[in-house]
> 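Handing you this structure, nothing more for now.
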Amino acid sequence: MIRFHEVGLSYGDGGGGRAGLVLRDISFAVAAGGFRWLLGPSGAGKTSLLRLLTLAARPSRGEAVVLGCPIHAASRRDLAALRRQIGVVFQDFRLLGHLSVFDNVALPLRLAGRPEGQISADVTEMLRWVGLAGHLAALPPTLSGGEQQRVAIARAVIGRPSLILADEPTGNLDEAQAERLMQLLGELNRLGTSVIVATHQTALVARYPAPALRLDQGRLVGDG
Amino acid sequence: MVKARARLLRPAGFDELGLKRAFAPRLLPLLVAAVALLAALTLAGMLAAAGLARHWRDGAGASLTVQVPEPEAPAASGAGSRAEAVLALLRADPAIAAARRLGDAELEALLRPWLGAAPRALGLAVPAVITLRRAAGAPPVAEEALALRLARPAPGTLVEAAGPWFARLAALARSLQALAAFALLIVGAIAALVIAIATRASLAARREALEIVHGLGASDSYIANRFAARALWLAAVGGGLGTLAALPALALLARLAAPFAALMAPGAGAGVVGGGASAAGGIVPAAALWLVALPLSAAVIGWLTAQVTVRRWLRRLP
Ligand SMILES: Nc1ncnc2c1ncn2[C@@H]1O[C@H](COP(=O)(O)OP(=O)(O)O)[C@@H](O)[C@H]1O
Ligand SMILES: [Mg+2]
């Protein structure tokens, strides 16, 4: 359900030669319901690879299939529909500061065209699950970093995505919060969601052993 | 919690892009209003020109004047006076819709600029003046042939066409109309430009929110529709304000135009064509219709411009 074949990515005008590639010759596959760590030192290209998987960029070369859709060739409309099946937790959360916690989490459902009547129960339940039942009307900037992270997670999973991607999700969390987040992602994975988590924190990986994609200087140096 | 519930009950006001603040340029409706005001005035000029052109073509352009010297002398053929014989011939002609002999008072009014006092008091022989109107759809009256026919009962009768002179005026009115239509196009383009600039400014201001919402799977049309709905509303309000502001000026124009139009009518109110007042009067309902169309056009321009601007801007995102 994810299949990369000799994928390359360059920033800028995209026409750059091989030297301009921040990712090169990336080939791997992840089956539906799989879990992968995405590892590598800072600057290795983890965020760049996640940008491809979240459809924030198209490959400059090669072929990339995400959830069965060839993203190197898909139409803009198809990409938008595909994004609605992917949940993303960004390191910097990317919440909408002018919307309440409730509206932030409800946003994916509204974008998916879910009727208003079927939204509020799900959103309230999801926010209870991440321990924010008392903050429905709060604006994200008034929350702590850990609370904002949980809003971001709730927003990522509310639409029951087939794929969840997280970029350094524990970077802003203390140990207990990081623990709780990993349990949550593990639970979703057991329920059948594919999960890919990028991190450079080896201690975290040691506590949750799982197959890993290893990047170094834009190349895939390990898979499994 | 209570606040949250209130929110849940008002999803219609859901503003994920924050456009209520970022796309609320106070200047935009005012600029659109100014543009709409210009459009309304241009439109009024165009309609007035159109009305006068039509009036000159159908009324004045279609009219003829017949002069019968010694009108009260017996006709050379047929019964009655020369004037009566000519009138009878004209009225029998199917190509002529109306023929009317000017009364003494009208004649005196016509001649006063040249003769000053009442002509009869000067002992002048005044001809009978008959105005004609061509029947709608009938071919142009052949003046010479008509003159020949009328000369049989009343030799010396003259037929004079107002056509060529008024045709020239009608052509002038038509070019005025074309100019006004061109000006309207430009005014519409300015409105589109103003809206495009405001839209781009708010796109730039909400760049981060747009990227987030785009990343969550909002389609181009979803995002463009949010902006377009707002642009439509802002432009409609501006268009309405501008049209309202134009109303006093238009009313004044209509008032000033009415006597002018009457003066331009053939025979200075001879009445055959119904006078110029009706030409001016005919403009008013048409203008009212066009004025209602102005805010609607502004709304359409706003909607279209925002759609195009937003969709082009979104191309920078994958
Ligand atoms: N927007 C960008 N424009 C140009 N180069 C970039 C951009 N983002 C990242 N890079 C470069 O791509 C390489 C990989 O970066 P990144 O994917 O962020 O690595 P990681 O997430 O593993 O730290 C780095 O050399 C970085 O400088
Ligand atoms: Mg990174």
Side-chain angles (χ1 to χ4, degrees), chain A residues 14 51-52 54-59 71-72 74-88 90 92-104 106-117 119-121 123-124 127 133-138 152 155-156 158-159 161, chain B residues 1-26 199 201-230 306-318:
Chain A
R51 280 172 61 80
L52 290 175
T54 59
L55 317 182
R58 295 207 200 214
I71 63 168
H72 51 279
S75 70
R76 291 177 65 81
R77 178 190 282 268
D78 287 346
L79 284 191
L82 194 55
R83 283 185 194 104
R84 298 198 286 271
Q85 298 176 49
I86 299 174
V88 189
F90 298 96
D92 55 355
F93 316 138
R94 301 207 193 166
L95 300 174
L96 292 169
H98 66 284
L99 289 188
S100 69
V101 164
F102 179 95
D103 281 340
N104 266 283
L107 188 48
L109 299 182
R110 287 177 172 148
L111 290 178
R114 182 91 67 90
E116 283 298 321
I119 284 180
S120 110
V123 172
T124 312
L127 283 168
H135 294 84
L136 292 188
R155 186 183 65 183
I158 185 78
Chain B
M1 201 60 202
V2 174
K3 245 174 113 184
R5 286 216 183 285
R7 252 171 204 289
L8 307 192
L9 294 174
R10 291 187 285 105
F14 186 58
D15 183 26
E16 72 281 51
L17 294 172
L19 297 185
K20 275 176 198 153
R21 285 220 334 253
F23 196 13
R26 240 165 296 162
T199 306
S202 70
L203 281 165
R206 301 306 295 163
R207 189 193 170 103
E208 210 184 323
L210 282 165
E211 283 176 358
I212 291 173
V213 172
H214 173 84
L216 289 172
S219 62
D220 291 358
S221 48
Y222 179 95
I223 294 173
N225 287 346
R226 302 303 269 209
F227 277 85
R230 217 166 150 70
Q307 285 279 350
V308 171
T309 309
V310 172
R311 282 169 193 270
R312 286 189 58 178
W313 190 90
L314 284 173
R315 296 247 140 221
R316 72 188 57 198
L317 304 177

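Letters go in sequence order (proteins before strands), and every chain restarts at 1.
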> Just wondering, more than 12 heavy atoms not from Glu211(B) lying within 6.0 Å of its CD?
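Check passes, neighbour count above 12.
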> Indicate the atoms forming the closest heavy-atom contact of Ala80(A) with Ala218(B), along with that distance.
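Shortest heavy-atom contact: CB-O, 4.1 Å.
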> Heavy-atom distance under 4.5 Å between the side chains of Ser219(B) and Arg83(A), does that happen here?
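No, every pair of side-chain atoms sits at 4.5 Å or beyond.
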> What distance do Leu96(A) atom CG and Asp15(B) atom CG have between them, rounded to the nearest 0.5 Å?
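Rounded to the nearest 0.5 Å, the CG-CG separation comes to 10.0 Å.
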> Hey, could you give me the NE2/CG distance between His214(B) and Leu55(A), rounded to the nearest 0.5 Å?
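The distance works out to 8.5 Å.
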> Heavy-atom distance under 4.5 Å to chain A: side chain of Leu216(B), backbone, both or neither?
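Leu216(B) touches chain A through backbone and side-chain heavy atoms alike.
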> Mark yes or no for whether Arg94(A), through its side chain, and Ile212(B), through its backbone, hold a donor-acceptor pair below 3.5 Å.
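Between the backbone of Ile212(B) and the side chain of Arg94(A) there is no qualifying donor-acceptor contact (under 3.5 Å).
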> Would Arg311(B) and Arg76(A) count as a side-chain contact (heavy atoms from CB on, under 4.5 Å) here? Give the steps.
CA-CA 11 Å; Arg311(B) 282 169 193 270; Arg76(A) 291 177 65 81; over 6 Å; no
> Measuring heavy-atom distances to chain B, does Leu82(A) have an atom under 4.5 Å in its side chain, in its backbone, in both, or in neither?
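Contact with chain B: none, neither part.
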> On a heavy-atom basis, which atom in Pro318(B) and which in Arg58(A) lie closest, and how many Å separate them?
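Residues Pro318(B) and Arg58(A), closest heavy atoms: CB-CG, 4.5 Å.
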